[in-house]
Chemist: 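The following block contains the structure, expressed as structure tokens.
Read the numbers this way: they start at 1 and go in the same order the structure lists the ligands and their atoms.
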Amino acid sequence: MIHPGDAIGVAVSGGKDSLSLLHILKQISLSHNFTLQAITIDEGIPGYRDEALEIVSDFCNKIKVEHAVYSYKELFGSTLEQSLKIREEEKISSCSICGILRRRAIDFGAREFGVDRVATGHNLDDFIQTFIINLLSGDTNKISWMDPETTDNKARRIKPFCEIYENEIVFYAFANNIPFQSEECPHMNEGIRTEIRNFLNALEKNHSGIKNNMYKSILKISSEFKDKTDKVWKRCSKCGSDCTGDTCSVCKTLFNLGLGRP
Ligand code: SF4
């Protein structure tokens, strides 16, 4: 996923996954030819993000990785909480809006630092939960984009933990004394993800290895869908990113919420 000479942006939230990822990449970078830049997004969620910002800042100082913070307020003119108050389409969940803003904010940071790839801490559990969410919402297009290795964006997203179970990362964080945020986001249980997580954990408990089998199946399904997609890629008229219509989903959401575009 990482090539010699790459500048890697690491999206670091302050949770166990992203801090463990940064810790591992830092160690690998000492003997390989790539550089690291930590990028943290401040959504502006009261009582939640402050603890994480402090943890990430201290950790980056400790392991000597440059760190930058971008806030929704600064980039879009509105915190997540303010955006949620003005959303008209109630069917859009808090996490969907937050995810769209985060994607754009990380892209902005990646551009500022000229990074070649953005590494995120998504693990195997996240990956298969997302597949089920896409399946249940009927969004088969997103399934065709799930292959973690084949996206071709300028600042390509990579998921080095996509084959690692979440509980193994927790174990790694504890074993290496990596401090991570304990506070949960107040919006975390609004969507269906937590129910799917509990369901998959219950299955794994009784059928060891079932998540790993599912991961392999998803890769096959994703590549099948990718080959069959009849999508015609265009450029978004607002931001120039790849999309299938005139305007990408990020720009559409920013417009609907009356937010600024970084
Ligand atoms: Fe944003 Fe949802 Fe994550 Fe909270 S749980 S930080 S609202 S994506």
Chemist: Pick, from R193, R102, E190, the option with the minimum heavy-atom distance to atom 3 (Fe) of ligand 1.
Modeler: R102

Chemist: Consider only side-chain N and O atoms of S237 and D246, and report whether a donor and an acceptor are under 3.5 Å apart.
Modeler: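 Short answer, no.
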
Chemist: Aromatic rings H23 and F59: how do their planes relate, parallel, tilted or perpendicular, breaks at 30° and 60°?
Modeler: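 If you compare the ring of H23 with that of F59, the planes turn out tilted.
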
Chemist: If you have a sec, work out which protein heavy atom is nearest atom 2 (Fe) of ligand 1 and how many Å separate them, to one decimal?
Modeler: C95 SG, 2.3 Å

Chemist: Do the side-chain N and O atoms of H122 and Q129 include a donor-acceptor pair separated by under 3.5 angstrom?
Modeler: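 Short answer, no.
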
Chemist: Taking heavy atoms and a distance under 4.0 Å, where does C185 meet ligand 1: side chain, backbone, both or neither?
Modeler: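 Looking at C185 and ligand 1, just side chain atoms fall under 4.0 Å.
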
Chemist: At what distance is the nearest protein heavy atom to atom 1 (Fe) of ligand 1, and which residue and atom is it?
Modeler: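 Result: C98 SG, 2.4 Å.
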
Chemist: Look at the rings of F76 and Y72 and say which category their plane angle falls in: under 30° parallel, 30 to 60° tilted, over 60° perpendicular.
Modeler: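 Ring orientation of F76 relative to Y72: perpendicular.
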
Chemist: Distance under 4.0 Å to a non-hydrogen atom of E43: what atoms of ligand 1 satisfy this?
Modeler: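 So the answer, numbered in order with elements, is 6 (S).
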
Chemist: Do K211's NZ or CZ and the ring of Y165 fall within the cation-pi criteria of under 6.0 Å and 45°?
Modeler: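 Positive - K211 is close enough to the ring of Y165 and near enough to its axis.
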
